[in-house]
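Before any comments, here is the structure.
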Amino acid sequence: MVAHVESTYPKEGCGVMLGTEQLATQAVPLPNSYSGPQEDFFVLDPQDLARADGEARQAGLGIIGIFHSHPDCDAYFSKRDLEHSCPWYSYVVLSVKKGRFDHANSYRPDFDASAAPKEELIYG
Ligand SMILES: [Zn+2]
């Protein structure tokens, strides 16, 4: 995850987290298919998502979350992130400053996408 978002800097990098329940065991980098300036936003192609989901299921896992980076910004969940979120995923935002991973936070959007409270994120 960290290696991927450092490699896409200064653009936003993204991908999915595979695992079971609340435990992510694998990160799969996916292309950022946003057609605008990728320094500010990311979009996951539904076909990439579907393919990752199929591969996860074959391995007995599921997509539990989506990660993306904020180049030279803190790891907050933006209004735009919230508008494009799904309540059944956790969203990990990684702050990458000057090309290096700085910190990360995880958010879980409400079902009506009105807010995304921060959730506990344990990583090592
Ligand atoms: Zn964002």
Side-chain angles (χ1 to χ4, degrees):
M1 213 145 84
V2 167
H4 177 64
V5 297
E6 284 183 351
S7 77
T8 60
Y9 179 89
K11 296 182 175 175
E12 290 198 10
C14 52
V16 293
M17 294 171 293
L18 308 184
T20 48
E21 311 267 322
Q22 298 287 74
L23 180 68
T25 52
Q26 213 182 321
V28 181
L30 293 174
N32 183 349
S33 52
Y34 182 52
S35 54
Q38 295 188 352
E39 285 78 4
D40 292 329
F41 197 54
F42 82 103
V43 167
L44 285 173
D45 185 327
Q47 287 189 343
D48 288 334
L49 257 185
R51 188 169 32 87
D53 190 53
E55 286 170 8
R57 279 165 204 274
Q58 280 189 344
L61 304 169
I63 295 177
I64 64 165
I66 290 175
F67 71 90
H68 75 284
S69 61
H70 279 180
D72 294 322
C73 261
D74 285 332
Y76 66 96
F77 205 61
S78 71
K79 193 167 171 284
R80 211 168 171 197
D81 287 333
L82 184 60
E83 284 166 3
H84 291 81
S85 65
C86 305
W88 52 88
Y89 292 136
S90 288
Y91 286 80
V92 170
V93 184
L94 299 97
S95 167
V96 180
K97 294 190 174 163
K98 296 192 170 84
R100 295 252 161 233
F101 171 71
D102 193 77
H103 63 282
N105 287 311
S106 185
Y107 301 90
R108 186 85 177 185
D110 288 343
F111 274 93
D112 58 358
S114 60
K118 208 190 244 195
E119 61 182 4
E120 191 179 12
L121 175 67
I122 302 165
Y123 58 95

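For ligands, and for the atoms within them, numbers begin at 1 and follow the listed sequence.
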Exercise. If every non-hydrogen atom of His103 is compared with every non-hydrogen atom of Ala75, which pair is closest and at what distance?
Worked result: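 Scanning both residues completely, I find the closest heavy atoms to be NE2-N, 3.2 Å.
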For this session: Looking only at non-hydrogen atoms, find the nearest pair between Glu12 and Pro71 and report the distance.
Result: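 Between these two residues, the closest heavy atoms are CG-CD, 3.6 Å.
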For this session: Run through the protein N/O/S atoms less than 2.8 Å from the Zn ion (ligand 1) and write them out by chain and number.
Result: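 For the Zn ion (ligand 1), the protein N, O and S atoms that sit under 2.8 Å away are His68 NE2, His70 NE2, Asp81 OD1, Asp81 OD2.
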Problem set entry | Pairwise distance OG(Ser95) to CZ(Phe101) - rounded to 0.5 angstrom |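 Here the rounded value is 8.0 Å.
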Exercise. Just how far is it from atom CG of Leu94 to atom CD of Glu6, taken to the nearest 0.5 Å?
Worked result: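 So the CG of Leu94 and the CD of Glu6 are separated by 9.5 Å.
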Exercise. In terms of ring plane angle, is the pair His84 and Phe41 parallel, tilted or perpendicular, where the classes change at 30° and 60°?
Worked result: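 It falls in the perpendicular class, over 60°.
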Problem set entry | Between Asp81 and Tyr76: side-chain donor-acceptor atoms closer than 3.5 Å |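 Checked: Asp81/Tyr76 side chains show no N/O donor-acceptor pair below 3.5 Å.
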